[in-house]
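The block underneath contains the structure these notes are about, expressed in structure tokens.
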Amino acid sequence: MQIEAAVLTVIGAPPPWGESRPIEFAAVELDAPRYGEVLVRIETAGVCHSDLSRVSGDRVCNVPTVLGHEACGIIERLGDGVVDLSVGQKVVMTFMPRCGQCESCTPPGWSLCSRGSKANADGMLLGGGRRLHRNGTDLDHQSGVSAFATHAVIDQHSIIAIPNEIPSDVAALLGCAVLTGGGAILNAGRLQPGESVAVVGLGGVGLAGALVALGSGADSVVGVDTVASKLDIARELGLHEALTPQEATASGRKFAVVVDCVGSGPALETAISLTAPGGRTVTVGLPHPDTRITIAPTELVVQARSIIGSYMGSNVPRDDIAGYVLMYQEGRLPIEKLISGHIRLHELNQAMDDLHHGRTLRQVITFA
Ligand SMILES: [Zn+2]
Ligand SMILES: [Zn+2]
């Protein structure tokens, strides 16, 4: 079938991208779902920093590709072998398929699906190959999703069904911002009710984590960022305090759980310095692979502290998303506060500029 998609054709084009326009809007051919795959009509898709970093070239990917990994849609067609999903069902996507059968997916513990990791790296679906084509050229799938399009064919292991009554713009954020930020707090950080939390880096993931902490009984939740407008947003969202890194350090306060969502060495060092004895520093940032930091191992030992890396929530996404849906339905997780605007697909280049300059939190593309 023919769909409309946003195709990234150039990596590292000079900003502003609203002028250099590395993303083209084109008619694209989409294959029918194969075994274990479904056809989804996309209703909403969030614009995430991971999309931006592929446009800017900070993260490696091949072009042409269709970006977009944080999304919500309605199943229109099932491929053979799909169980537990039905036509008309509302679903959200996760950015790493979980096959459930490889050595990485098998309990105990948590690790990334090795088959899913390879498929993502190759720009393919879990079942192999590409379903997107334009002018005789295959297009890469991003993270097995490619949701910046009117429709997507997606492996069933990248999809999680949610109640149809959850608003689609809110639901889109479940699969990346909420899953990543919330998992850093609850799974990696092992937050206990009454503990204090600091979040360093107040983008979509950081603030989603802060909202999960607030809804999970944290005693105080403090946001830390260098950008004044983000500190204002954090206060509007109900965080107890919002501080610059200098203010946070000078205050002398320490926190049981500190999450670094920035992706830079200095930010992680700040997060470590703000962590209380017995506390957990969690990092979800993705700095340049060559980044190194300085730590004092003795402090870790005598203060019984830990530093933990967290990816995609450090758990089984299906279980976590069910929990966040419940928190939302109970009024404990106001995800809608993270949405700074609704845009159309053809505004995506400009949206990258707005995200790059910190002018927005989560922009959600809506499809009529
Ligand atoms: Zn994302
Ligand atoms: Zn697996």
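As the structure lists them, so they are numbered: ligands from 1, and atoms in each ligand from 1. Only heavy atoms go into these numbers, but all of them, side chains included; no hydrogens, no water, no symmetry mates.
- Within the 4.5 Å cutoff, the side chain of Val199 has heavy atoms near those of the Cys261 side chain.
- For the atom pair CG of Leu67 and CD of Gln142, the computed distance is 4.5 Å after rounding to the nearest 0.5 Å.
- For the residue pair Asp219 / His240, no side-chain donor-acceptor distance below 3.5 Å is found, with atom types taken as modelled.
- Salt-bridge formation is not detected for the pair Asp31/Arg131: no Lys NZ or Arg NE/NH1/NH2 atom is positioned less than 4.0 Å from an Asp or Glu carboxylate oxygen.
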Which donor-acceptor pairs under 3.5 Å do the side chains of residues 91-105 make with protein atoms, sequence neighbours left out?
| from | atom 1 | to | atom 2 | distance (Å) |
| --- | --- | --- | --- | --- |
| Arg98 | NH1 | Ser111 | O | 3.2 |
| Arg98 | NH2 | Cys105 | O | 3.3 |
| Glu103 | OE2 | Ser114 | OG | 3.1 |
| Ser104 | OG | Leu112 | O | 3.4 |

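- Around atom CZ of Arg332, more than 12 heavy atoms belonging to other residues, nucleotides or ligands sit under 6.0 Å away.
- Although no hydrogens or angles enter the test, the distance criterion places a donor-acceptor pair under 3.5 Å between the side chain of Arg305 and the main chain of Ile272.
- Protein N/O/S atoms found under 2.8 Å from the Zn ion (ligand 1): Cys48 SG, His69 NE2, Cys176 SG.
- Around the Zn ion (ligand 2), the protein N, O or S atoms closer than 2.8 Å are Cys99 SG, Cys102 SG, Cys105 SG, Cys113 SG, listed by chain and residue number.
- Residues Val222 and Phe255 come closest through the heavy atom pair CG2-CE2, 3.6 Å.
- Under the side chain to side chain donor-acceptor pair (under 3.5 Å) criterion, the residue pairs touching residues 189-217 are Glu195-Arg280, with sequence neighbours excluded.
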